[in-house]
Amino acid sequence: MTATAPLDVEALRKDFPILSRTVRGGRRLVYLDSGATAQKPRQVLDAEREFYEQHNAAVHRGAHQLAEEATDAYESARRRIGAFVGAPEGEIVFTKNATEAINLVAYSMSNAAFAPEPAAARFRIGPGDEVVVTEMEHHANLVPWQQLCLRTGATLRWFGLTDSGRLDLSDVESVITDRAKVVALVHQSNVLGTVNPLDAIVRRAHEVGALVVLDACQSVPHQPVDVTALGVDFVAFSGHKMLGPTGIGVLWGRRELLEAMPPFITGGSMIEVVQLAASTFAPPPQRFEAGVPMAAQAVGLAAAVDYLCAVGMANVHAHEQALTGYALDALAGLPGVRVIGPPDTTARGGAISFVVDGIHPHDVGQVLDDTGVEVRVGHHCAWPIVRRYGVPATTRATFYLYNGTDDVDALVAGIEHAKRFFGVGGAPHENAPRADRAARLRGDPG
Ligand SMILES: Cc1ncc(COP(=O)(O)O)c(C=O)c1O
């Protein structure tokens, strides 16, 4: 196990200008919505500003000094972001966000029907073929596959969920049949917090010749991830959830697959030779980056990656694990509060969804907001999950490196306030909050 060092949350918070502002009439901002988007440290903001002030030009076009500097900055960002997830050179494709990265693979698969290159056959899909997803997917990793099935006549299948918020892997062979062409699943659920085991799924998918696409939106920002070690074929994640800017996401793909995959969006910068009647395409990653790319955002994301590396991803992960345990214990001690998802920190990250008996999740969110606690409410773009657990919506708290036990305490106080406000009680839960763990996290002696 890697040795980890505790995070100095107070010191880290000083890097995030937004965390020093107040909300709702002077209250401290308690930001518990990093699963939706993370806040940005000054280092990221400065890197973007510096790019625009000193180097701005269209990347991969023009031979002047600024164009050269902008291209160098963009390609240096690609190398640093690739190194952050263990990706070999040339396997990082920049997209607008994770949603676009997943759509890129799905559209490339249907475009393979028209691609003349024999290598594209690997991606062809049609009637009789199957696409496998899970019931815990974010819409970004569900709707593109539904649409792929509509366009091609393939059939959608899925893994269901257990009552405790895990994938039901009791019969992997019957869900991933030898007709499967692609298996798309989430690494860490944005609603349940569940971290999915990949080995059995990847083994079976590859046994039947299916590609595995991993949605790592909620794992890459929060734990060390080596994309090649996972054994999957494609990984998608978003910059804005890992301290980077909006407008940039990443698709990692194994080089030989990227080389064989037909393009999705076509136009300038992704071509090799263009004639009036037809064109040929550049090798990856350029083949998948049509148009002037998001250079400032790539530079900002590289600064975010540098920031996370300086803090240490193992430290970030250990901090969030401890905080999640603290929060789960605290919520278990609140009568009438039910967590939707695994009840402890085993194979689980820091997304905690819950319902409060007798209060609609939207009302819980509103009362929390009144106290300065910013959480997310709704179906969290994963509607099938809330349906599976028979709730209309959930209230969700998500953590990051700048959150501390004071934030969890504010969440708990806010929920208690909401219960008083709506006049709901509930029987005391048998698991009282663990005072010893709380003291340890706060760094109290003894
Ligand atoms: C698990 C998961 N997948 C995909 C997405 C989509 O990310 P984006 O909106 O940045 O494309 C999200 C965003 O919340 C997510 O949590």
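Just so it is clear, the model here is predicted, and its values are computed rather than measured.
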Within 45° cone and under 6.0 Å: R13 NZ/CZ vs Y31 ring | no
Flag yes if more than 12 heavy atoms outside R61 fall under 6.0 Å of its CZ atom; otherwise flag no.
-> yes
What distance separates T71 OG1 from H55 NE2, expressed to the nearest 0.5 Å?
-> 12.0 Å
With a 4.5 Å limit on heavy-atom distance, are the side chains of D306 and Q43 in contact?
-> no
Do T95 and E100 have a side chain donor and acceptor closer than 3.5 Å?
-> no
Say whether, by atom type as modelled, one donor and one acceptor occur between the side chain of N196 and the main chain of V186 under 3.5 angstrom.
-> yes
Could you tell me the separation between the CZ atom of R151 and the CD1 atom of I125, rounded to the nearest 0.5 Å?
-> 10.0 Å
Within 6.0 angstrom of R179 CZ, more than 12 heavy atoms from elsewhere = no
Any donor-acceptor N or O pair under 3.5 Å, side chains E91, W252 | yes
So do V311 and H319 actually touch side chain to side chain, heavy atoms under 4.5 Å?
-> no
Taking the side chain from Y402 and the backbone from Q39, do they hold a donor-acceptor pair closer than 3.5 Å?
-> yes
Side-chain heavy-atom pair I340, V191 within 4.5 angstrom cut-off | no
Using the side-chain contact (heavy atoms from CB on, under 4.5 Å) rule, take E10 and D406 through it: C-alpha gap first, then chi angles, then the decisive distance, then the call.
-> CA-CA 11 Å; E10 281 306 326; D406 54 346; 4.3 Å; yes
Can you see which heavy atom on A87 is nearest to which on I92, and at what distance?
-> CB-CD1, 3.9 Å
Where do G247 and M294 come nearest, in terms of heavy atoms and distance?
-> O-CG, 3.4 Å
So do the side chains of F123 and K181 get within less than 4.5 Å of each other, counting heavy atoms only?
-> no
Check F264 against L104 and note the closest heavy-atom contact, atom names and distance.
-> CD2-CA, 3.5 Å
Just wondering, do L214 and V227 contact through their side chains at under 4.5 Å, heavy atoms?
-> no
Check the angle between the aromatic planes of W383 and H379 and answer parallel, tilted or perpendicular using the 30° and 60° thresholds.
-> parallel
Among side-chain atoms of R376 and T398, is any donor-acceptor pair under 3.5 angstrom?
-> no
Least distance between heavy atoms, A101 atom then A236 atom = CB-CB, 3.8 Å
Any side-chain donor near an acceptor of the partner, T134 and E137, under 3.5 Å | yes
Using atom types as modelled and distance alone, determine if a side-chain donor or acceptor of R348 lies under 3.5 Å from a backbone N or O of A351.
-> yes
Test side-chain contact (heavy atoms from CB on, under 4.5 Å) on D215 and L185 and set out the steps.
-> CA-CA 6 Å; D215 172 357; L185 81 160; over 6 Å; no
Identified side-chain hydrogen bond (donor to acceptor under 3.5 Å, both in side chains) partner of R28 from the options D407, T371, T22 = D407
Side chains of H60 and E289: does their closest heavy-atom pair fall under 4.5 Å?
-> no
Presence of salt bridge, R122 and D233, under 4.0 angstrom = no
Counting N and O atoms only, with roles assigned by atom type, does the side chain of R204 sit under 3.5 Å from a partner on the main chain of V175, one being a donor and the other an acceptor?
-> no
If you draw a 6.0 Å radius around CD in E259, do more than 12 non-hydrogen atoms from other residues or ligands fall strictly inside?
-> yes
With no hydrogens and no angle check, is any side-chain donor or acceptor of N190 less than 3.5 Å from a backbone partner on H380?
-> yes
Spell out, as yes or no, whether a donor-acceptor pair under 3.5 Å connects the side chain of K241 to the backbone of A38.
-> no
Side chain R255, main chain P284, donor-acceptor under 3.5 Å | yes
Identify the heavy atoms of Q188 and V195 that sit nearest to each other, and give their distance.
-> OE1-CG2, 3.7 Å
side-chain contact (heavy atoms from CB on, under 4.5 Å) between L368 and T395, worked out = CA-CA 10 Å; L368 286 171; T395 306; 4.1 Å; yes
Heavy atoms from other residues, nucleotides or ligands near CZ of R387 exceed 12 (cutoff 6.0 Å) = yes
V85 side chain near F237 side chain, heavy-atom distance below 4.5 Å = yes
Using a 4.5 Å cut-off on heavy atoms from C-beta on, say whether the side chain of R42 contacts that of P17.
-> yes
Pick out which of L148, L142, L150 makes a side-chain contact (heavy atoms from CB on, under 4.5 Å) with L156.
-> L142
Which residues pass the ring-ring contact (aromatic ring centres under 6.0 Å, His included) test with F94, sequence neighbours left out?
-> Y74
Does CD belonging to Q65 count more than 12 external heavy atoms closer than 6.0 Å?
-> no
Go through M136 and W158 one step at a time and tell me if the side-chain contact (heavy atoms from CB on, under 4.5 Å) criterion holds.
-> CA-CA 9 Å; M136 68 165 78; W158 52 87; over 6 Å; no
Closest non-hydrogen atom pair between H187 and A216, with its separation | CB-CA, 4.2 Å
Donor-acceptor pair, side chain of R166 and main chain of P342, under 3.5 angstrom | no
Does CG belonging to D199 count more than 12 external heavy atoms closer than 6.0 Å?
-> no
Please check if the side chain of D329 supplies one atom and the backbone of Y326 the other of a donor-acceptor pair under 3.5 Å.
-> no
Approximate separation, where rounding is to 0.5 Å, of R287 CZ and M270 CE | 8.0 Å
Under 3.5 Å, side chain of R396 to main-chain N/O of G378, donor-acceptor pair present?
-> no
Nearest 0.5 Å, what's the CH2-CD1 distance between W145 and I102?
-> 7.5 Å
Any chance you could measure L301, atom CG, to K40, atom NZ, to the nearest 0.5 Å?
-> 9.5 Å
Spatial distance of atom CD1 (I265) from atom OH (Y107) [nearest 0.5 Å] | 10.0 Å
